[in-house]
Amino acid sequence: MIRLDGRTLRCADVVTAARTEGPLGIDVSIAAMRAAEHAWKLADELSTRRRVYGRTTGVGANKDDTVESSTEHGLRLLRSHAGGSGEEMPPAQVRAMMLIRLNQLLAGRSGISPELIATLADAVRAGARPLVHRLGAIGTGDLAPLAETALALTGERPWVTGDVPPVPVRAGDALAFMSSNAATLAEATLAAMRLDTLTRASHAVAALTYVALDGNPEAYATPVHEARPHAGQVACAAEMRRLLGMHQTPKPGRRIQDPFGLRAFPQVQGPALDAIHYLRDVLAVEINASTENPMISTVHGDAYHHAHFHTAYVSTALDQARATVHQVAELSVARLGDLVEPEFTGLRPFLAAGPAGSSGVMILEYVAHDALTELRQAALPATLGTAVVSRGIEDHASFSTQAARAATAACQAYQQVLACELVAAVRALRMREADLVDLPVRDAFEAASEVLDTSVDDRPLTDDIAAAVGVLDALARI
């Protein structure tokens, strides 16, 4: 049961909603509904005595055009803005978007009619999903997808799964419903939580490679990281010590210094952990925020015109997270290169076991570098772009929508990189018959061993990579 009150929605709740393909248990706060009703009545009253953007005026460059606050005006706004295009938005993102938008409306500052909020709640509960398109936002409000959603609630647009009885659009409902980045926040939240899982899994993958390569434990020692105590770096080193059973600094490994893939792991993983933590903090604020322009304040008895639709916090946090994860992925590919090198493993080149010239896991490097290149493209900053729209009155955009899409692509690429390293590390440990009996990371080895083929013959590794991707969630929990 997910509690919705406009204040306490969690990123984990958004993931739950995204993954739930049927009815969803939600508990809508009665107090929040009352507050939303008070804001609706105030907005209606304000529209009779002062100009209120989108209610008594047009929108965008039409802000100076006076209009009658009416259902007809609202429907025109929704119909004209429901111009989304491209592919259908993924079902999980649509479900997450609807939950976030409902929670934001329950913050009680939109001025939307309680009837529309209740109908949206009914749709979320029932697992009803409208037809929404992917394209139509630039980080200054998800106008197209939210307009499409609103028209589905009115009965004018189709539902892909389920439906709810149509609800009329009251005066002022249209802009207030669209005035949110809920679709972007949905994708950003799902990507952030996936990146969090993958970075946690990467500790276990790196630890397995450490054992396979006889790493030097000094790089993770407590005194080292106390000397430069960045939070993420300290956390990464502590996690490696835990997985590798380093209650105190053991004797040095075979090398006085390991390659950077092992030695610099805390220094590179640390910024990624910090960036993802910051991204989650930003999203926790956004999914509980009142973003509607204008904001209807029952406390102050007035409407406030503002720019909460601009999501620079989200876009910059996403850009930082992708850039730092890319650097971590580079280390994973570097460790894969070490795993196929006899000088580091004491095994044959490419972990081969057949006749001379056998290729072993040679192809993994090509797959990993291909995925790393995709991740590199996804890591390029979205915030460096600009846009001037609506006859120049809207002269800046955050591009958080595009940053969120890039984060989704980064997740898909990064898990492929980690999977390639995992396949090679498990094979090396099997071939060396490494003793993991007293190490916590043994649980990761056993979880991966259950799903990875034991054959070391030259053969396609496609299924191995897919199985390794599938076990990453389990490794994140070890």
Side-chain angles (χ1 to χ4, degrees), residues 11 15 184-185 187-209 230-237 239-240 260-284 313-337 365 367-384 399-422 425 465 468-469 471-473 475-477:
C11 291
V15 175
T184 295
L185 295 176
E187 183 160 18
T189 302
L190 298 179
M193 297 298 280
R194 184 60 184 160
L195 287 175
D196 182 74
T197 297
L198 292 175
T199 50
R200 283 187 283 116
S202 70
H203 290 112
V205 176
L208 290 173
T209 298
H230 290 297
Q233 174 186 317
V234 169
C236 174
E239 182 65 2
M240 294 299 285
F260 285 4
L262 288 176
R263 180 156 46 112
F265 184 52
Q267 289 81 1
V268 179
Q269 174 87 330
L273 298 180
D274 289 339
I276 293 168
H277 182 84
Y278 173 67
L279 172 60
R280 290 186 60 177
D281 284 349
V282 167
L283 293 170
Y313 272 104
V314 178
S315 58
T316 53
L318 284 165
D319 276 4
Q320 183 182 20
R322 296 195 318 277
T324 53
V325 166
H326 172 257
Q327 291 199 45
V328 179
E330 288 182 314
L331 287 193
S332 179
V333 173
R335 290 192 298 270
L336 175 58
E365 287 191 282
V367 175
H369 275 285
D370 188 352
L372 181 63
T373 301
E374 291 196 350
L375 178 50
R376 185 177 299 118
Q377 294 300 312
L380 294 174
T383 48
L384 296 184
F399 296 103
S400 61
T401 308
Q402 291 66 37
R405 289 177 192 154
T408 299
C411 291
Q412 295 168 348
Y414 183 37
Q415 68 186 16
Q416 294 293 322
V417 170
L418 284 177
C420 289
E421 181 188 356
L422 181 59
I465 297 170
V469 169
V471 82
L472 291 174
D473 281 24
L475 266 57
R477 295 189 292 269

Problem set entry | Result of checking Leu195, Thr197, Asp281 against Ile276 for side-chain contact (heavy atoms from CB on, under 4.5 Å) |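 Only one of Leu195, Thr197, Asp281 forms a side-chain contact (heavy atoms from CB on, under 4.5 Å) with Ile276, namely Leu195.
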With a 4.5 Å heavy-atom cut-off, do [X] and [Y] have their side chains touching?
X	Y	value
Val471	Leu422	yes
His230	Gln267	no
Thr316	Gln320	no
Arg280	Leu283	no
Thr324	Asp274	no
Glu239	Arg200	no
Arg322	Leu380	no
Thr408	Leu190	no

Kindly give the heavy-atom pair with the smallest separation between [X] and [Y], and that separation in Å.
X	Y	result
Ala368	Val417	O-CG2, 3.7 Å
Ala382	Phe399	O-CB, 3.7 Å
Ile465	Cys420	CD1-SG, 4.3 Å
Ala191	Ala407	CB-CB, 3.6 Å
Leu331	Phe265	CD1-CA, 3.8 Å
Ser315	Ser400	CB-CA, 3.6 Å

What distance separates [X] [atom1] from [Y] [atom2], expressed to the nearest 0.5 Å?
X	Y	atom1	atom2	result
Tyr278	Leu318	OH	CG	10.5 Å
Glu365	Glu421	CD	CD	12.0 Å
Thr383	Gln402	OG1	CD	11.5 Å
Gln412	Glu374	CD	CD	8.5 Å

Quick one: does any side-chain atom of [X] pair with a main-chain N or O of [Y] as donor and acceptor, under 3.5 Å?
X	Y	value
Arg335	Ala206	no
Ser332	Val328	no
Gln269	Thr199	yes
Asp319	Pro381	no

- request: Verify side-chain contact (heavy atoms from CB on, under 4.5 Å) between Leu472 and Val205, making sure each step is shown before the conclusion.
  value: CA-CA 9 Å; Leu472 291 174; Val205 176; 4.2 Å; yes
Full working for salt bridge (Lys or Arg N to Asp or Glu O under 4.0 Å) between Arg477 and Asp473: CA-CA 7 Å; Arg477 295 189 292 269; Asp473 281 24; 5.0 Å; no
Check the surroundings of atom CZ in Phe260: do more than 12 heavy atoms from other residues, nucleotides or ligands lie under 6.0 Å from it?
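No - once you tally the heavy atoms of other residues, nucleotides and ligands closer than 6.0 Å, there are 12 at most.
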